[in-house]
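Proteins come first, then strands; the chains are lettered A, B, ... in the order of their sequence lines, and each starts at number 1.
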Number of protein chains: 2
Amino acid sequence: MAGKVAERRAALRDNLIIIAEKRIASDGLSALRARDLASDAGCALGAIYNVFGDLTDIVLAVNARTFHRLGADVAAALADAPQDPVEQLVVMAQAYHCFAAANLHSWRALFDVERAPGEAAPDWYLQEMGQLFAYISDPLAVIFPNRDPQELALLTRALFSSVHGIVLLGLDGASAGVPSDDIDKMIALILRQFTSNS
Amino acid sequence: MAGKVAERRAALRDNLIIIAEKRIASDGLSALRARDLASDAGCALGAIYNVFGDLTDIVLAVNARTFHRLGADVAAALADAPQDPVEQLVVMAQAYHCFAAANLHSWRALFDVERAPGEAAPDWYLQEMGQLFAYISDPLAVIFPNRDPQELALLTRALFSSVHGIVLLGLDGASAGVPSDDIDKMIALILRQFTSNS
DNA sequence: CCCTCTATTGAACGGGGTTCATAATAGCAG
DNA sequence: CTGCTATTATGAACCCCGTTCAATAGAGGG
């Protein structure tokens with residue numbers, strides 16, 4: 001029974017991630033409490049720290065799952081999209097908006113977790129981000145066939161950032177709530193206009 | 001001596017705002033501590049709460065000043081810009097980027113402060129935002145003379161959000177640091193492309 | 001069954017925002 | 001100037017929270 005401890009810990013680890021995920025999804029990142037986690041998981045407070053370095057590690061684990069779901073949603077939208085590359089971009093961006101709106105707290109947690117200064121982003125983050133960028137880059141390469149890969153990378157990042165900004169400020173409460181339709185309109189506006197007369 | 005107390009409190013209030021502003025600018029919003037504020041201001045811990053409801057109120061006061069400086073920078077850039085409305089947009093957006101980069105912590109604090117759920121954004125916020133939107137809207141109206149005011153408002157918000165997104169993700173540490181030049185390039189790319197063939 | 005070594009536990013620690021009983025002070029009447 | 005009272009300022013104390021670690025429980029081998 002060598003791996004018994006590891007097994008128990010792995011189970012607790014998964015359990016904690018699920019519980020934290022639910023908490024973040026329903027009440028937001030700032031509502032996550034170590035003591036709540038422990039009591040919901042039926043474990044001791046200290047047990048959390050046998051399995052995770054600190055709460056941020058749990059949040060990162062949750063974020064990895066969220067990011068993965070996001071990527072899957074975007075991929076699914078892309079799979080159902082028409083061949084036209086501009087439409088593909090629009091469909092993906094609206095899928096991004098859709099995911100953010102439907103998973104507001106979890107989506108926010110992706111960006112609200114504070115990294116220690118100077119610490120690099122985790123590997124899975126860069127990987128999922130790269131995947132998203134690839135989804136965008138492919139149609140862009142069709143639309144702009146005469147661009148350097150370097151220029152394409154810049155275009156890709158610029159478009160992703162723009163859509164992200166539109167969704168971020170659109171879903172932000174400070175602006176008194178932009179209607180969901182308007183967000184989609186802005187996304188389509190930016191993408192269509194951007195990709196016109198290529 | 002009727003207004004003596006009010007005077008003293010007003011002075012403390014201003015003092016606390018200045019001190020908090022410096023702290024946020026140098027170390028970020030999360031480094032703001034009530035006890036530090038009190039000792040730096042040479043006042044009692046509780047004195048803070050005679051003058052502000054809570055720390056968030058101080059942050060909001062700092063943010064109002066930051067937002068005002070931002071608006072002034074953008075306005076200054078606009079004043080020095082050429083007549084061409086597209087160039088005006090580019091110059092303003094790069095001024096926005098410049099301000100964010102030069103005042104990273106203060107700029108972040110504008111968006112990192114968490115409002116109580118359901119609470120409306122403060123008046124000055126909407127006002128400064130409206131001012132920024134007006135700066136953008138004017139050249140846009142020249143570029144797109146045949147659009148509804150409503151459509152123009154959507155364009156304005158979309159462009160601001162896009163630039164904001166580019167700056168936000170560009171300055172974010174997670175992406176391992178996008179060079180400042182690349183951020184400016186992305187901004188120019190989006191704006192020029194967006195405003196072409198109007 | 002005991003012994004040892006590991007894993008688990010939750011009380012305690014440190015640090016932070018906020019409050020409130022108390023002390024200090026200002027204003028005023030005599 | 002001296003009490004007296006109402007107002008203001010103070011900072012110790014409260015509560016919450018993440019994290020730690022001495023003490024306990026438990027597993028495995030002899």
Anything under 3.5 Å between a donor and an acceptor, one on a side chain of residues 59-66 of chain B, the other on a protein residue two or more places apart or in another chain? List them.
from, atom 1, to, atom 2, distance (Å)
B/Asn63, ND2, B/Ala109, O, 3.0
B/Arg65, NE, B/Glu21, OE1, 3.2
B/Arg65, NE, B/Glu21, OE2, 3.2
B/Arg65, NH2, B/Glu21, OE1, 3.0
B/Thr66, OG1, B/Val62, O, 3.1

List the atom pairs, with distances to 0.1 Å, where a side-chain N or O of residues 39-54 of chain B and a protein N or O form a donor-acceptor pair under 3.5 Å, not counting sequence neighbours.
from, atom 1, to, atom 2, distance (Å)
B/Ser39, OG, B/Asp36, O, 3.3
B/Asp54, OD1, B/Thr56, N, 3.2
B/Asp54, OD1, B/Asp57, N, 3.2

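Applying the salt bridge (Lys or Arg N to Asp or Glu O under 4.0 Å) criterion to B/Asp84, with sequence neighbours excluded, gives no partner residue. By the salt bridge (Lys or Arg N to Asp or Glu O under 4.0 Å) test, A/Arg69 pairs with no residue at all, sequence neighbours left out. Residues passing the side chain to side chain contact (heavy atoms under 4.5 Å, CB included) test with A/Asp181: none are found, sequence neighbours excluded. Partners of A/Arg115 according to the salt bridge (Lys or Arg N to Asp or Glu O under 4.0 Å) rule, which considers only residues two or more places apart in sequence or in another chain, are B/Asp172. B/Asp184 meets the salt bridge (Lys or Arg N to Asp or Glu O under 4.0 Å) test with no other residue; sequence neighbours excluded.
For B/Leu45 and C/dG17, the CG to C1' distance is 8 Å, given to the nearest whole Å. Following rounding to the nearest Å, B/Leu16 (CG) and C/dG17 (P) show an atom-to-atom distance of 13 Å. At whole-Å resolution of the value, CD1 in A/Ile48 and P in C/dG10 are 12 Å apart. Whole-Å rounding puts the B/Tyr49 OH to D/dA13 P distance at 18 Å.
Listed by residue number, the members of residues 27-40 of chain A with any heavy atom below 4.0 angstrom from DNA chain D are A/Leu32, A/Arg33, A/Ala34, A/Arg35.
Remark on the helix from C/dC1-D/dG30 to C/dG30-D/dC1: inter-end axis angle 20°, axes from five-pair C1' superpositions, rounded to 10°.
Evaluation of the ring pair (Phe, Tyr, Trp, His ring centres under 6.0 Å) test over residues 4-48 of chain A, restricted to residues two or more places apart or in two chains, returns none. Sorted by first then second residue, the ring pair (Phe, Tyr, Trp, His ring centres under 6.0 Å) pairs that include residues 111-137 of chain B, not counting sequence neighbours, are B/Phe67-B/Tyr125, B/Trp107-B/Phe111, B/Phe111-B/His164, B/Phe133-B/Phe160.
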Measure all distances between protein nitrogen or oxygen atoms and nitrogen or oxygen atoms of nucleotides 5-9 of chain D, and list the pairs falling under 3.5 Å.
from, atom 1, to, atom 2, distance (Å)
D/dA9, OP1, B/Arg8, NH1, 2.8
D/dA9, OP2, B/Arg9, NE, 3.0
D/dA9, OP2, B/Arg9, NH2, 2.8

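Put simply, the side chain of B/Ile187 reaches to within 4.5 Å of the side chain of B/Val167, judged on heavy atoms.
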